[in-house]
Amino acid sequence: MKEKISGAEALMRALKEEGVKTIFGYPGGAIMPVYDALYDYAYGEKKVFNHVLTRHEQGATHAAQGYARVSGDVGVAIVTSGPGATNTLTGIADAMMDSTPIVVIAGQVGVQALGTDAFQEVDLVGVAQPISKWSYQIRKAEDIAWAVSRAFYIARSGRPGPVVLDFPKNAQNAFVDFEPQKIDFVRGYVAYPELDMDAIKEAADIINSSEKPFALVGHGVELGNAYEELQDFLEKADIPAARTLMGLSALPSNHPLNMGMLGMHGNYAPNIKQLECDVLIAIGMRFSDRVTGDVNAYARQAKIIHLDIDPSEINKNIKVDVAIVADCKESLSKLTQLTKKSVHREWRDSFTSLREKEEEKVIYPSLHPTSGPLLMGEVVNTVAEATHGDAILVTDVGQNQMFACRYFKFNSKRSLVSSGGLGTMGFALPAAIGATFASDGRTVCMFTGDGGLQMSIQELGTIMEQQSPVKIILLNNSYLGNVRQWQDLFFNGRLSFTKMMNPDYGKISQGYGIPYAIVTKREDLKKEVDKMLKTPGAYLLECVIKEDENIRPMTPPGESLSNMQLTFDN
């Protein structure tokens, strides 16, 4: 006779079957049966899961994102109904935009109470459907094994993304004969499109006849674990490449074919060269407006080849000449086989003068100032040099994000965790906590501004409880820096509500038992960074920086890349 177990217990067993080790969450009334079952799996003889109690449900989803991005596994968050569920929506939308595999499991009122405006009832499935890969309500305990397996399959397969499971209380409490299920097929869902070899041949012919090929490397290379395939392709065809913000650690920073970062605040040479190449090969990237600028003026001279697993991205923003819809690990390998061994020395060398121009006007002054207040670039560069490209970078959103992504260095894959598409302030602190649970001992360096830190500052409590070794570098300019920059440049300097009144971060750190130091003088920076990195566990290093520093270069919003400005007086 089969063992009858509760739906809550069945969830635990289903999560175990999926190989889950770490869960981020926050308990509440409608999810209490699950948390009661979790007790034995987190504390007792059945111990399987490490449960991390975050201080906010949004923090649980961002922590699950950080864990997923570094580990390559599915991140898991468990919360209660009503406000607990709605608090996860920002993290779900963020994961959808950045193709991050997470499964969010939320409690719900019993099926018999649905539609009655019961206490903490909300239509989570309806709300979450537009911002998730799949959103489903488990109404019967008999459906738990199937729903969980299907959720994990959808979250991790194809173009990854978030899945939401709404779990009414009656299904948590009901008893069921549990049998594990393994879902690897969903009708109507094509996770891995069949590779079109005619498209591969057409793309190879274009590349083989090109004189100025240029590759744009996106996050899809990391999601597809196509690091070696990417380098084999670039090196055989001698193709210079640039990375999107989300694809920064897909190609080592010191690779000779790496020409820098694309985007509104990326490097000058790769942005300008998109308008000069004769072939543009986009690999696992979605032609974001922050990369293309004015789409009507973008790369009109070039043949465009787009490799992506998601057919909905093809011709969505930029019309392409050849579309290769497949897993880039497979498509890159096949494309490399048909690509000729080439040398494009003159084309590669043409990047040099533009790089030198940026070095002279932007990079050297940003990284090596001799007077005045501390600058964001020199702080990032000091941490980057001290960690030798081996650390995991987690950023918040704003100027701290742009400076950190421009000047940090990456030797290893899955080394960047940032909110790209949605641009979620407050993302960094919980995401960094999640990253530490997948870091395998690598240092996690988190850069944030004073605005972003205060949006999720309660997660310092999670760091305190978990002893998460996050190295927090606070770039404090007492402003919402990115908004202030736009106000200066595009709104006649009318600084409308961007000045920040900040707390005493030293006292806050002391309250949470986190070591703290503040740097105001340039001569103290390296010493304090070294001290932070040598101190075991978490650390908060506050760097008081120039209030009105701007991130450069910059392509003004909506303008052509040809208008990228190295300085704001040119």
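Annotation for Ile272 and Ser562: closest pair CD1-CA, 4.3 Å, computed over non-hydrogen atoms. In plain terms, the two heavy atoms of Leu234 and Leu257 that are nearest each other are O-CD1, 3.4 Å. Val379 and Ile545 make their closest contact through CG2-CG2, 4.5 Å (heavy atoms, listed as atom of the first residue, atom of the second, distance). Here the closest heavy-atom approach between residue Leu480 and residue Gly451 is recorded as CD2-CA, 3.9 Å. The minimum heavy-atom distance between Ala326 and Leu195, with the atom names listed, is CB-CD1, 3.6 Å. Nearest heavy-atom pair across Leu533 and Cys445 is CD2-SG, 4.3 Å.
Among pairs with a residue in residues 323-341, those fulfilling salt bridge (charged side-chain N to carboxylate O under 4.0 Å, His left out) read Glu229-Lys329, at least two apart in sequence or across chains. Under the ring pair (Phe, Tyr, Trp, His ring centres under 6.0 Å) criterion, the residue pairs touching residues 390-409 are Phe408-Phe410, with sequence neighbours excluded. Sorted by first and then second residue, the salt bridge (charged side-chain N to carboxylate O under 4.0 Å, His left out) pairs involving residues 408-426 (not counting sequence neighbours) form an empty list. Judged as a ring pair (Phe, Tyr, Trp, His ring centres under 6.0 Å), not a single pair has a partner in residues 232-279 (not counting sequence neighbours). Contacts classified as salt bridge (charged side-chain N to carboxylate O under 4.0 Å, His left out) and involving residues 274-287 (residues at least two apart or in different chains) are given here: Lys273-Glu276. Applying the salt bridge (charged side-chain N to carboxylate O under 4.0 Å, His left out) rule to pairs touching residues 396-407 yields Glu358-Arg406, sequence neighbours excluded.
Of the possible polar contacts, none joining the Gln454 side chain to the Gly449 backbone as a donor-acceptor pair under 3.5 Å is found. For Ser149 (side chain) and Ile183 (main-chain N/O), a donor-acceptor pair under 3.5 Å exists by modelled atom type. Without hydrogens or angle criteria, Ser560 side chain to Asn563 main chain gives no donor-acceptor distance under 3.5 Å. Looking at Glu549, its side chain does come within 3.5 Å of a backbone N or O of Met376 through a donor-acceptor pair. The backbone N or O of Thr90 lies less than 3.5 Å from no partner atom in the side chain of Asp94, so there is not a single donor-acceptor pair. Not one N or O on the side chain of Arg243 forms a donor-acceptor pair closer than 3.5 Å with the backbone of Ser249. Side chain of Ser210 to main chain of Lys212: no donor-acceptor pair is present (N/O by atom type, distance under 3.5 Å, no hydrogens or angles). Remark: side-chain polar atoms of Asn267 are not paired, donor with acceptor, to backbone N or O of Met259 under 3.5 angstrom. Counting only distance, with no hydrogens or angles, the side chain of Ser288 and the backbone of Arg290 share a donor-acceptor pair below 3.5 Å. No donor-acceptor distance shorter than 3.5 angstrom exists from the side chain of Gln231 to the backbone of Pro252, with no hydrogens or angles considered.
Taking the side chain to side chain contact (heavy atoms under 4.5 Å, CB included) definition, one finds that Glu228 meets it with nothing, sequence neighbours left out. Applying the ring pair (Phe, Tyr, Trp, His ring centres under 6.0 Å) test to His306 and every residue at least two apart in sequence or in another chain returns Phe287. In terms of the ring pair (Phe, Tyr, Trp, His ring centres under 6.0 Å) criterion, Tyr67 has no residue partners (sequence neighbours excluded). In this structure Phe185 satisfies the ring pair (Phe, Tyr, Trp, His ring centres under 6.0 Å) test with no other residue, sequence neighbours excluded. Among residues two or more places apart in sequence or in another chain, the ring pair (Phe, Tyr, Trp, His ring centres under 6.0 Å) test is passed with Tyr136 by Trp134, Trp146.
Residues Ser99 and Met246 have side chains not in contact (no heavy-atom distance under 4.5 Å, counting atoms from C-beta outward). In this structure, Leu165 and Val148 have side chains that are in contact, with non-hydrogen atoms separated by less than 4.5 Å. Side-chain contact between Ile78 and His51 is absent, with no heavy-atom pair separated by less than 4.5 Å. Using a 4.5 Å heavy-atom cutoff, the side chains of Ile207 and Leu335 are in contact. For the pair Asp321/Glu202, no side-chain contact is recorded, criterion being any heavy-atom separation below 4.5 Å from C-beta on. Contact check for Glu17 versus Phe152: no side-chain heavy atoms found under the 4.5 Å cut-off. In this structure the side chain of Asp390 never reaches within 4.5 angstrom of the side chain of Thr443, judged on heavy atoms. For the pair Asp308 and Val325, the minimum side-chain heavy-atom distance is 4.5 Å or more.
Side chains of Ser456 and Glu459: a donor-acceptor N/O pair is absent below 3.5 angstrom, by distance only. Remark: the Ser418 side chain and the Gln401 side chain contain an N/O donor-acceptor pair separated by less than 3.5 Å. Side-chain contact annotation: Lys133 with Tyr189, donor-acceptor N/O pair under 3.5 Å present. For the residue pair Asp310/Ser312, the side-chain donor-acceptor check at 3.5 Å is satisfied. A donor-acceptor pair shorter than 3.5 Å can be found between the side chains of His62 and Gln65.
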Under the side chain to side chain contact (heavy atoms under 4.5 Å, CB included) rule, what do Cys277 and Leu280 come out as? Steps first, then yes or no, please.
CA-CA 7 Å; Cys277 64; Leu280 200 62; 3.6 Å; yes
List the steps and the verdict of side chain to side chain contact (heavy atoms under 4.5 Å, CB included) for Ser468 and Thr462.
CA-CA 8 Å; Ser468 303; Thr462 309; 5.5 Å; no
With side-chain hydrogen bond (donor to acceptor under 3.5 Å, both in side chains) as the test, would you mind laying out the steps for Thr61 and Gln58 before giving the verdict?
CA-CA 5 Å; Thr61 56; Gln58 182 177 336; over 6 Å; no
Val444 and Val394: CA distance, side-chain angles, deciding distance, side chain to side chain contact (heavy atoms under 4.5 Å, CB included) verdict:
CA-CA 7 Å; Val444 175; Val394 183; 3.8 Å; yes
Please lay out, stage by stage, how Asn50 and Thr22 fare under the test side-chain hydrogen bond (donor to acceptor under 3.5 Å, both in side chains).
CA-CA 5 Å; Asn50 179 27; Thr22 303; 4.6 Å; no
Please step through side chain to side chain contact (heavy atoms under 4.5 Å, CB included) for the pair Phe49 and Val20, ending with a clear verdict.
CA-CA 7 Å; Phe49 307 128; Val20 173; 4.1 Å; yes
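Here the straight-line distance linking atom NE2 of His219 with atom CG of Leu416 works out to 8.0 Å at 0.5 Å rounding.
When the shell of 6.0 Å around CD of Glu211 is examined, it contains 12 or fewer heavy atoms from other residues, nucleotides or ligands.
Look at Asp232 and Lys236 and you find no salt bridge, because none of the NZ, NE, NH1 or NH2 atoms lies under 4.0 Å from a carboxylate O. Using a 4.0 Å cut-off between charged side-chain N and carboxylate O, Glu18 and Arg156 make a salt bridge. Ion pairing between Asp238 and Arg348 holds under the 4.0 Å rule for side-chain N and carboxylate O.
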Acceptor/donor pairs from residues 426-441 side chains to any protein atom, 3.5 angstrom cut, sequence neighbours excluded:
from, atom 1, to, atom 2, distance (Å)
Thr436, OG1, Ile433, O, 2.6
Ser439, OG, Thr436, O, 3.1

